[in-house]
2 protein chains.
Amino acid sequence: MSSTVAKALMLLEHFSEEEPELGLSEIARRSGVDKAAVHRMLGAMAESGLVEQQADSRLYRLGAGVLRLARVRETAFPIASVVQPILETLSAQTGETVHASLISGRALANIATCESRKSNRVSLVAGEVLPFHSTASGLATLAFADESLLDRVLAAPRASLTPFTVTDAETLRARVDAVRAQGYAESDQTNEEEVHGLAAPLFDRTGKACGGVSVSTPSHRMSDAQRALSIRAVLAAAGEITNGLGGRRPRSYEDLIATLVLEG
Amino acid sequence: MSSTVAKALMLLEHFSEEEPELGLSEIARRSGVDKAAVHRMLGAMAESGLVEQQADSRLYRLGAGVLRLARVRETAFPIASVVQPILETLSAQTGETVHASLISGRALANIATCESRKSNRVSLVAGEVLPFHSTASGLATLAFADESLLDRVLAAPRASLTPFTVTDAETLRARVDAVRAQGYAESDQTNEEEVHGLAAPLFDRTGKACGGVSVSTPSHRMSDAQRALSIRAVLAAAGEITNGLGGRRPRSYEDLIATLVLEG
DNA sequence: TCTATTGGTGTTATATTATCAACACTGGTG
DNA sequence: CACCAGTGTTGATAATATAACACCAATAGA
């Protein structure tokens, strides 16, 4: 919680697709950390190549070290390469923007996306950090992951991102229970206005959820037919990805969604 | 130097393509850090998803967070995607294994490779950290990067990796001077036995070197003809990559290699 | 059973870090 | 031109997180 390395790594969260370069003061302002502290932390991370500082503008950005680390991880445990083609199929089937994310510490990391080709579509920020409590992927993951994860999420503060965001612990627990009984998660405008999410969990080889795959639809376009189609497609895609990364669905989950597909 | 975040990030260096999962004691042993400290550091890094711990085996590995960070960096500053096709051409032209690397803190990070199709070839470890002083890419980078980089490298201790590795500061500085006068770097068995390296610098938009591209040939196969061919090819490839990532070669360097190509 | 690992946990002196202030520098504005 | 608001950076000190040590529980092998 109050460890310096955790605080330092928090700073990395502020770099995004839209703002890949940030100044020292800017980072300090957003993170609420003292300028001097930020300066030293960034300096330390620069030593390892995790960030790098532009020589002229003095702006900081993510460094070449993160590419190296990603290569090590990806060659040892290929997932992005496995997930991408499946997402493309899912996007084609549903006609909407889809993405896959994995548990990454106290949040979900968006690791692969495929955007809809429609002009009116949900656009995702690549490499975004997604909260568990406000996203369909997050609920799907929480419902089937190790129970300690839910406890940790409920213990931490939860931001209210839209008027529909559920932040109350008890309500959230009930929603997670519902997802667990249902086999998939549905959330409307809880993370972003006008965005509807439909997600299924991904399982690791121990049979615990390690992430989720999700279909993001503009809320106004969501219909019963689209819902039925998307649920079926996202469950199938999640199954393929689970297999592709060497995981396995627990028997109970297989049974749950089998009845669900028959009913649907 | 003695900051805790730097120490924590050092731990990440021990994960490699061959050993993607490591135990707590193992990491402590290799890094020379106390077990308790390693435990705390890994815990802190796990909060951000930089590493993750297998629930059953308790082994640690690089987490999904590094994939997310790499995506942010790569969508903002695409390099891997730019570099890869050029490397494939270079590998086809030279018939050997090639790779590109960027400055990453106090070392060079291998960010893209293309292996030769010959049965007898140099095989590179994906995402390896390459020392500046013992690799052709390192010398090429040092020769044309900001001078402060060379000073930092000379100030730090340098490992002797083969009987041919140059570790002495004065000799190394002379070698870097030679590379600067020559326009490219050549090194035989200084980083690994029986491996010959030939590298050209990559430049950022300020005209300083930010990395290198290199051809790795089995030493016994190296000939004058192969050398001439590889030098021409690697210089051309480095130029393409430099342009591709928005950099520019200084005028002086353009002139230098122009005469070189004419002579060759 | 006995031994040698493993991962993980306390506790306290110590060393690092947080905080605040001031610094030099830049670019824009009156 | 002086001014101002902004930047990145560097010291000083007080506060505190850390390092180091021994220790524990659990596992695996002989």
Side-chain angles (χ1 to χ4, degrees), chain A residues 1-15 19-48 50-63 105-106 146-149 151-152 204 206 208, chain B residues 1-15 19-48 50-63 105 146-149 151-152 155 204 206 208:
Chain A
M1 183 63 162
S2 45
S3 89
T4 48
V5 308
K7 272 182 277 187
L9 296 177
M10 293 279 189
L11 301 181
L12 300 179
E13 312 261 330
H14 297 92
F15 294 96
E19 296 181 296
E21 291 185 314
L22 295 171
L24 175 57
S25 300
E26 187 63 31
I27 299 173
R29 208 175 301 120
R30 299 196 190 189
S31 60
V33 182
D34 188 90
K35 257 198 313 182
V38 172
H39 183 251
R40 285 191 193 90
M41 289 169 177
L42 288 174
M45 291 194 282
E47 281 184 44
S48 309
L50 221 59
V51 300
E52 57 194 26
Q53 189 179 24
Q54 205 88 19
D56 46 357
S57 66
R58 320 241 99 176
L59 295 177
Y60 291 88
R61 64 180 182 190
L62 295 174
R106 41 175 92 270
D146 195 280
E147 291 175 20
S148 61
L149 181 62
D151 295 336
R152 267 185 294 156
D204 62 21
T206 71
K208 298 283 185 183
Chain B
M1 183 63 161
S2 47
S3 89
T4 47
V5 310
K7 273 183 275 188
L9 295 178
M10 293 278 190
L11 301 181
L12 299 179
E13 312 261 329
H14 297 93
F15 295 97
E19 296 181 299
E21 292 185 314
L22 295 170
L24 175 61
S25 300
E26 188 64 30
I27 299 173
R29 208 176 302 120
R30 298 196 191 190
S31 59
V33 182
D34 189 89
K35 256 197 317 183
V38 172
H39 183 251
R40 264 185 310 100
M41 288 168 178
L42 287 174
M45 291 194 281
E47 280 184 46
S48 309
L50 223 57
V51 300
E52 58 193 26
Q53 189 178 25
Q54 205 87 18
D56 47 358
S57 66
R58 321 238 103 179
L59 295 177
Y60 292 88
R61 66 179 182 192
L62 294 175
D146 195 282
E147 291 175 19
S148 61
L149 181 62
D151 294 338
R152 268 186 293 155
D204 61 22
T206 71
K208 297 284 185 183

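Hydrogens, waters and symmetry mates are skipped; everything else that's a heavy atom, side chains included, is used. Here is how names work: the chains are called A, B, and so on, in the same order as the sequence lines, proteins then strands, and each is numbered from 1.
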Between [X] and [N], is there a contact of a side-chain N or O with OP1 or OP2 at under 4.0 Å?
X	N	result
A:Ser25	D:dG8	yes
A:His39	D:dT9	yes
B:Lys35	C:dT9	no
B:Arg58	C:dG8	yes
B:Tyr60	C:dG8	yes

Margin query: Starting the side chain at C-beta, find the nucleotide from D:dA19, C:dG7, C:dT16 nearest to B:Ser2.
Written below: C:dT16
Note to self: So if I take every side-chain heavy atom of A:Arg29 and compare against D:dT18, D:dG11, D:dG6, which nucleotide ends up nearest?
What the structure shows: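 Nearest listed nucleotide: D:dG6.
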How close do [X] and [Y] get, heavy atom to heavy atom, and via which atoms?
X	Y	result
B:Thr4	A:Thr4	OG1-OG1, 3.0 Å
A:Ala6	B:Ala44	N-CB, 4.1 Å
A:Met45	A:Ala8	CE-O, 3.3 Å

Next item on the list: Would you kindly compare A:Thr4 and A:Gly23 by the position of their nearest DNA chain D nucleotide and give the one closer to the 5′ end?
Entry: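 The 5'-side residue here is A:Gly23.
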Output the rounded distance in Å from [atom1] ([X]) to [atom2] ([N]).
X	N	atom1	atom2	value
A:Glu26	D:dT7	CD	C1'	12 Å
B:Gln54	C:dG7	CD	C1'	15 Å
B:Ile27	C:dT5	CD1	P	19 Å
B:Leu24	C:dT9	CG	P	10 Å

Notebook entry, point to check: Between B:Thr206 and B:Asp146, does a side chain to side chain contact (heavy atoms under 4.5 Å, CB included) hold up when you go through it step by step?
Noted result: CA-CA 10 Å; B:Thr206 71; B:Asp146 195 282; over 6 Å; no
Next item on the list: Give a yes or no answer on whether the side chain of A:Gln53 reaches the backbone of A:Arg58 with a donor-acceptor pair at less than 3.5 Å.
Entry: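 At least one qualifying donor-acceptor pair exists.
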Notebook entry, point to check: What is the nucleic acid contact for B:Gln53, judged by heavy atoms within less than 4.0 Å: base, sugar-phosphate only, or nothing?
Noted result: sugar-phosphate
Check: With nearest nucleotides of DNA chain C determined for B:Ala36 and A:Asp34 from heavy-atom distances, which residue corresponds to the more 5′ nucleotide?
Finding: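 The 5'-side residue here is B:Ala36.
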